[in-house]
Amino acid sequence: MHAGFLHRRLQPPADLKLFGRYTVRVLDLLPGCGIPQISNTTSDPTRNLTQPGSDRILGGSGVPVQRRYPWMAWIGAFPYRVSYCGGSLINDRYVLTAASCIDPSYQTYFVTLGDFNRSTWSDSHSIQIPASPIVHPQYNSSDRNNDIALLKLKTPVDFKAFSHIRPVCLSSSGIPTPGQFVTIAGWSGIGVNHGTPENKLKVAKMRVVSQETCKVSYPVHGTNNTICVQPVAENSCKVSLETEDGDFGGPLVYRTPAGYYQNVGINSYTKTGCLPNSGIMATKTANYVDNFIKDNTQDAQWCPTG
């Protein structure tokens, strides 16, 4: 079953719907989750995204505007432009990220939404909202099991006022199969040829590999709660995930045949250098939709699918 992803038909009261054992509010009057706020010229989300001379990074493609991935968030412990991790907006009140991004010594984080270029506030009408972390109670930092966390925004996002910001879809059945392609997106901590940090949102195309292949690369970390992906193009996974200022916590998204995007993974772990044969390991989002995520987002409003 989907979570943001509930059907559009209304039942009294108008904005209340049953989701499993919960009743949740669904924003039926707004566009659905997982929909880019800019038209796509190709079914391949990593093609034709880079304008000449702009922001192609180590195999990752620069995204010309934030509206192509309007759920993207970057996260820091301080209210200025230093990001620790990435994340994705899943409804009006919560951002999904990795538990490994959360330092227990900080009780408040700052989530920036609607951003394309971290070096300026004016390019994309970005907003920054304080948030409190909710870490999975069974998170294991030694093997990264249950590497998932939520950030509860102090103020819910007003999607009418900020139409360029939209949540990504979730699904408890959204598990990509080996050979399928997914997209990672984020703000790299490394520039071209490991030069100065890059500030523009970038994407890279990755291929899902089998659990057996995953366990060869990550014998300790690879479990049924994880998925592994490998770069399609040489060095394309260096968006960059191996740096402290990289994009752990950011989403792996899958574009469904219907055209909307699902968050299917959370960037969690990679070997140094993000080697082509090992790629990256991600927390499998679907395993947490009907438990950890639903249990902790009772006060949220979810957008319908599509």
Side-chain angles (χ1 to χ4, degrees), residues 3-4 22 24-25 70-115 118-119 121 125-159 161-162 165-168 170 185-187 189 197 199 201 221 225 241 243-251 263 265-269 282-283 285 287-302:
Y22 305 119
V24 299
R25 295 186 180 275
W71 44 82
M72 290 300 301
W74 57 266
I75 300 159
F78 304 98
Y80 45 79
R81 306 189 76 75
V82 176
S83 63
Y84 289 162
C85 283
S88 56
L89 186 70
I90 59 173
N91 51 45
D92 69 327
R93 290 178 184 266
Y94 293 87
V95 167
L96 191 64
T97 189
S100 54
C101 289
I102 304 301
D103 185 334
S105 62
Y106 294 106
Q107 299 303 308
T108 300
Y109 282 79
F110 294 86
V111 175
T112 300
L113 297 163
D115 205 13
R118 293 187 303 183
S119 66
W121 289 103
H125 308 287
S126 58
I127 59 174
Q128 189 175 80
I129 305 175
S132 54
I134 304 170
V135 175
H136 194 286
Q138 278 78 53
Y139 167 59
N140 187 328
S141 60
S142 61
D143 63 7
R144 298 292 179 95
N145 192 32
N146 301 310
D147 190 10
I148 184 172
L150 293 162
L151 287 164
K152 181 178 181 179
L153 304 176
K154 299 293 185 183
T155 304
V157 177
D158 184 340
F159 293 122
F162 301 101
I165 298 174
R166 303 295 309 154
V168 69
L170 302 180
W187 293 266
N199 290 304
L201 182 64
H221 301 84
N225 288 326
L241 302 173
T243 63
E244 182 178 357
D245 191 30
D247 295 305
F248 290 115
N263 178 318
I266 303 166
N267 293 342
S268 174
Y269 184 79
T283 302
T285 305
N287 286 9
Y288 302 91
V289 170
D290 288 338
N291 42 74
F292 173 72
I293 295 174
K294 282 296 130 202
D295 289 345
N296 289 284
T297 58
Q298 296 297 291
D299 54 348
Q301 291 186 314
W302 295 87

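Here, residue 1 is the first one in the sequence, and each next residue gets the next number. Everything numeric here is computed off the predicted structure, so don't read it as measured data.
- Between Gln128 and Pro79, the closest heavy-atom pair is OE1-CA, 3.4 Å.
- Considering all non-hydrogen atoms of both residues, Thr112 and Ser126 come closest at CG2-CB, 4.0 Å.
- Distance check: Cys85 SG to Phe248 CZ gives 8.0 Å after rounding to the nearest 0.5 Å.
- Here the closest heavy-atom approach between residue Asn91 and residue Pro167 is recorded as N-CB, 3.7 Å.
- In this structure, the side chains of Trp302 and Leu170 come closer than 4.5 Å at one or more pairs of heavy atoms.
- To the nearest 0.5 Å, atoms CD1 (Ile148) and CG (Asn287) are separated by 9.0 Å.
- Atom CZ of Arg93 is separated from atom CG of Leu150 by 13.5 Å, given to the nearest 0.5 angstrom.
- You'll find the side chain of Asn140 reaches within 4.5 Å of the side chain of Ser142, heavy atoms only.
- Summarising the geometry, atom OG1 belonging to Thr285 is positioned 11.5 Å from atom CZ belonging to Phe292; distances are rounded to the nearest 0.5 Å.
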Original post:
How far apart are the C-alpha atoms of Val111 and Leu89, what are their side-chain angles, what is the distance that settles it, and do they pass the side-chain contact (heavy atoms from CB on, under 4.5 Å) test?
Top reply: CA-CA 10 Å; Val111 175; Leu89 186 70; over 6 Å; no
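- Closest heavy-atom contact between Ala149 and Ile102: CB-CG1, 4.0 Å.
- Atom CG of residue Asn225 and atom NE2 of residue His136 lie 8.0 Å apart, to the nearest 0.5 angstrom.
- Between Pro133 and Tyr106, every side-chain heavy-atom pair lies at or beyond the 4.5 Å cut-off.
- Counting heavy atoms from C-beta on, the side chains of Ile293 and Tyr94 never come closer than 4.5 Å.
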Donor-acceptor list for residues 151-158 side chains, cut-off 3.5 Å, not counting sequence neighbours:
residue, atom, partner, partner atom, Å
Lys152, NZ, Asp299, OD2, 2.9
Asp158, OD1, Lys160, N, 3.1
Asp158, OD1, Ala161, N, 3.1

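- Of all the heavy atoms in Asn146 and Ala99, the pair that sits closest is O-CB, 4.2 Å.
- With hydrogens and angles left out, the side-chain atoms of Ser100 and Asp147 include a donor and acceptor closer than 3.5 Å.
- For the pair Ala73 and Val95, the tightest heavy-atom approach, listed with the atom from each and the gap, is CB-CG1, 4.2 Å.
- No donor-acceptor distance shorter than 3.5 angstrom exists from the side chain of Ser132 to the backbone of Gln107, with no hydrogens or angles considered.
- Distance check: Tyr139 OH to Asn145 CG gives 10.0 Å after rounding to the nearest 0.5 Å.
- The side chain to side chain donor-acceptor pair (under 3.5 Å) search around Asn296 returns none, not counting sequence neighbours.
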